[in-house]
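Order of listing sets the numbers, starting from 1, for every ligand and every atom in it.
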Amino acid sequence: MTQKFDVVVIGAGPGGYVAAIKAAQLGLKTACIEKYQDKEGKTALGGTCLNVGCIPSKALLDSSWKYYEAKDHFAIHGIEAKGVTIDVPAMIGRKANIVKNLTGGVATLFKANGVTLLEGHGKLLAGKQVEVTGSDGKTQIVEAENVILASGSKPIDIPPAPVDQDVIVDSTGALEFQSVPKKLGVIGAGVIGLELGSVWARLGAEVTVLEALDKFLPAADEQIAKEALKTFTKQGLKIRLGARVTGSEVKKKQVTVNFTDAEGEQSIVFDKLIVAVGRRPVTTDLLAADSGVDMDERGFIFVDDQCATSVPGVYAIGDVVRGAMLAHKASEEGIMVAERIAGHKAQMNYDLIPSVIYTHPEIAWVGKTEQQLKTEGVAVNVGTFPFAASGRAMAANDTGGLVKVIADATTDRVLGVHVIGPSAAELVQQGAIGMEFGTSAEDLGMMVFSHPTLSEALHEAALAVNGQAIHIANRKKR
Ligand code: FAD
Ligand code: AMP
């Protein structure tokens, strides 16, 4: 007999698994279909984020940072750490355990909330029927009142550098190196390229990042991007802007990468090459020809502001639809859709999705950049505070970077918070909370911040917006 559900979710990434749990919590009979299998051939939940994305990359970023600190930065504290070595397979093994723990945790949450897991490939047919094909090739059809498509994304391939997951790898391969490459190339100076490049640079690789654009981190505030480029370059990352990769050749476990830049045609030989040029939506065999679901011109599933597709009762969320390819954006869309299916009037604030680059120092922002606001003709006041003037940052020997608060010159409402520095992601979240409640810079300035904390840098930057910072000289108003 055909199983019937109120909600069937295709994909158990941070979009799909959160949507499924929320739907079940709201009393809806829910199933979630997932096809991803781990190295042991077992279904693993959590999608890109838990298996080969956010979590494993942060595990390696944290491990490699500890090594880098122990090796080169303990002496200043009076700590002698001689003969610090790195066991790469052990580091990779720790990462694998974290992934296993978390993906297993999602399976436990499914059980606890009564979500039915259907293992296999899901395909939406006409009339909100969904076909599930198991790894043994057997198929079953389930019926749904509502379907949520959450099939996520995968790395983009570029013909000049075909991935072989040996010498030329994508982000997944770069999380599995068993030794530190001597010379590492990275194509793409986006979030993923910078994070993975940083991991291996800290462990001793000589890293060159080739970026086709002339501008570094074009989505970030220019002041922050400039500071980031300076800092990463000082850390030893060779970032070559305006360098478009045109070809590559793998020979004897090395790869020669050809690229063009302002000086003409160039080539560099690397031991490993990471291709990190972006991600594309996964829609392969997801929709039957008569499913009725429309795609947009870039291959994403077309949805409105509430994630409804062109078919009533069918929704799509996360990386497979327009907008930032971020786990927290996917999850919040999942919550919104589950609530709307349950009859609530949920909305999501797309203007306040924080962005983070987990390098060291971290880079994070929420709201608009100074350049965006200028283009829109909005007059602003800007306050900045450098971590070099923060007692807490000094105590931690981590004084690089700054906090920047941008407020509307007329209303003083905070329109953007941008941070490069220690715990930038956590600080920006404080800005996001304030902005969600329509905070002014003055409101933030009037609040009591614990001393000594890194958060005081946000406090001071907010005060500086109106020339009232205490621990830094204020810019004189002309
Ligand atoms: P996914 O996580 O891609 O999950 C989709 C799931 O659907 C997959 O498990 C897939 O197997 C399954 N699936 C697809 N098609 C079918 C089908 N037909 N049937 C059954 N199952 C199917 N984001 C952040 O916010 N913070 C970070 O720090 C961060 N770091 C990242 C680091 C790396 C190296 C990478 C690659 C990504 C990172 N991201 C980060 C991005 C983040 O992983 C994605 O934005 C997020 O996973 C998107 O969630 P999703 O649920 O839309 O899709
Ligand atoms: P993101 O989309 O943020 O992950 O960043 C990917 C980056 O890769 C972008 O900044 C692109 O400009 C860059 N990129 C794409 N193709 C190439 C190429 N052939 N050579 C160098 N950089 C590239």
- Task: Specify the protein heavy atom at minimum distance from atom 4 (O) of ligand 1: its residue, its atom name, and the distance to 0.1 Å.
- Result: G13 CA, 3.4 Å
- Salt-bridge criterion met for D285 and K123 (N-O under 4.0 Å): yes
- Task: Ignoring angles and geometry beyond distance, decide whether G53 reaches within less than 3.5 Å of ligand 1 through its nitrogen or oxygen atoms.
- Result: no
- Message: Consider side-chain contact (heavy atoms from CB on, under 4.5 Å). Of V115, L117, L45, V106, which one does Y17 pass it with?
- Response: V106
- Message: Main chain of A288, side chain of S291: is a donor-acceptor contact present, judged purely on distance under 3.5 Å?
- Response: yes
- Item | M348 and E333, any side-chain heavy atoms less than 4.5 Å apart | yes
- Item | Nearest-neighbour protein heavy atom for atom 16 (C) of ligand 1, which is reported as residue plus atom name and distance | K35 CE, 3.7 Å
- Task: Do me a favour and list the nearest non-hydrogen protein atom to atom 14 (C) of ligand 1 with residue, atom name and distance?
- Result: S151 O, 3.3 Å
- Task: Report, in ascending order of atom number, the atoms of ligand 1 lying under 4.0 Å from any heavy atom of I33.
- Result: 20 (C), 21 (N)
- Message: Strictly distance-based, threshold 3.5 Å: is any side-chain N or O of E145 a donor or acceptor partner for the main-chain N or O of D6?
- Response: no
- Query: For ligand 1, is V52 a contact, meaning one of its heavy atoms is under 4.0 Å away?
  - Reply: yes
- Note on the structure: atom 9 (O) of ligand 1: closest protein heavy atom, distance to 0.1 Å, is E34 OE1, 2.8 Å
Below 3.5 Å only, please: the N or O atoms of ligand 2 paired with protein N or O atoms, distance on each line.
from, atom 1, to, atom 2, distance (Å)
ligand 2, 10 (O), E211, OE1, 2.7
ligand 2, 10 (O), E211, OE2, 3.0
ligand 2, 12 (O), E211, OE2, 2.6
ligand 2, 19 (N), V245, O, 3.4
ligand 2, 20 (N), V245, N, 3.0
ligand 2, 22 (N), A212, N, 3.0

- Salt-bridge contact E332-K22 (side-chain N to carboxylate O under 4.0 Å): no
- Proximity flag R279 to ligand 1, non-hydrogen atoms under 4.0 Å: yes
- Query: Is it true that a side-chain atom of Q37 and a backbone atom of T43 form a donor plus acceptor pair closer than 3.5 Å?
  - Reply: no
- Note on the structure: Ranked by distance from atom 53 (O) of ligand 1, the top protein heavy atom is G152 CA, 3.1 Å
- Between A327 and ligand 1, which part of the residue brings a heavy atom under 4.0 Å of the ligand: side chain, backbone, both or neither? both
- Task: Just need the protein heavy atom nearest to atom 51 (O) of ligand 1, so name the residue and atom and give the distance.
- Result: G15 N, 2.9 Å
- Out of C54, G11, P155, who gets a non-hydrogen atom closest to atom 30 (N) of ligand 1? C54
- Task: Decide whether an N or O pair under 3.5 Å exists between L175 and ligand 1.
- Result: no
- Query: Hey, which atoms in ligand 1 end up nearer than 4.0 Å to a heavy atom of L326?
  - Reply: 23 (N), 24 (C), 25 (O), 45 (O)
- Atoms of ligand 1 under 4.0 Å from any heavy atom of L286, numbered from 1 in the order shown, are 18 (N)
- Query: Less than 3.5 Å between some nitrogen or oxygen of T48 and one of ligand 1, yes or no?
  - Reply: yes
- Message: Below a 4.0 angstrom heavy-atom separation, can you tell me which part of Y358, side chain or backbone, both or neither, approaches ligand 1?
- Response: side chain
- Under 4.0 Å to a heavy atom of A150 - the qualifying atoms of ligand 1, by number: 5 (C), 6 (C), 7 (O)
- Give a yes or no answer on whether the side chain of R202 reaches the backbone of S63 with a donor-acceptor pair at less than 3.5 Å. no
- Please confirm whether the backbone N or O of E263 pairs with a side-chain atom of D261, one donor and one acceptor, at under 3.5 Å? yes
- Short question: side chain of S310, backbone of D294 - any donor-acceptor pair under 3.5 Å? yes
- Message: Any nitrogen or oxygen of G122, side chain or backbone, less than 3.5 Å from one on ligand 1?
- Response: yes
- Query: Taking the six-membered ring for Trp, are F232 and F216 parallel (under 30°), tilted (30 to 60°) or perpendicular (over 60°)?
  - Reply: perpendicular
- For the pair E176 and K39, find out whether any cationic side-chain nitrogen is under 4.0 Å from an anionic carboxylate oxygen. yes
- Item | Atoms in ligand 1 flagged as close to C49, the criterion being non-hydrogen separation under 4.0 Å | 2 (O), 43 (O), 47 (O)
- Donor-acceptor contact below 3.5 Å, side chain K29 vs main chain K4: yes
- Heavy atoms, side chains only, cut-off 4.5 Å: are I301 and L286 in contact? yes
- Query: If hydrogens are left out, which of M325, K329, K58 has an atom nearest to atom 28 (O) of ligand 1, that is, the closest non-hydrogen atom?
  - Reply: K58
- Item | N or O contact, V282 vs ligand 1, cut-off under 3.5 Å | no
- Message: Assess whether a salt bridge exists between E370 and K374, defined as any Lys/Arg side-chain N lying under 4.0 Å from an Asp/Glu carboxylate O.
- Response: yes
- Query: Do S171 and ligand 1 have an N or O pair less than 3.5 Å apart?
  - Reply: no
- Message: One residue to check: D319. Relative to ligand 1, which of side chain, backbone, both or neither has a non-hydrogen atom less than 4.0 Å away?
- Response: both
- G120 touching ligand 1 at heavy-atom level, < 4.0 angstrom: yes
- Heavy-atom closest contact (I98 atom, A59 atom, distance): CD1-CB, 3.9 Å
- Could you tell me whether some N/O pair between H328 and ligand 1 is separated by less than 3.5 angstrom? yes
- Charged N to carboxylate O under 4.0 angstrom, R244 versus E211? no
- Query: Checking S331 side chain against P14 main chain: does a donor-acceptor pair fall under 3.5 Å?
  - Reply: yes
- Mark up the atoms of ligand 1 that fall under 4.0 Å of a heavy atom belonging to G318, in ascending order. 52 (O)
- Item | Numbered atoms of ligand 1 (with element) below 4.0 Å of I10, judged on heavy atoms | 17 (C), 18 (N), 19 (N), 20 (C)
- Item | Any donor-acceptor pair under 3.5 Å from D398 side chain to A393 backbone | no
- Message: Which of the numbered atoms in ligand 1 are under 4.0 angstrom from any heavy atom belonging to A330?
- Response: 49 (O), 52 (O)
- Is a side-chain N or O of E339 found less than 3.5 angstrom from the main chain of A346, in a donor-acceptor match? no
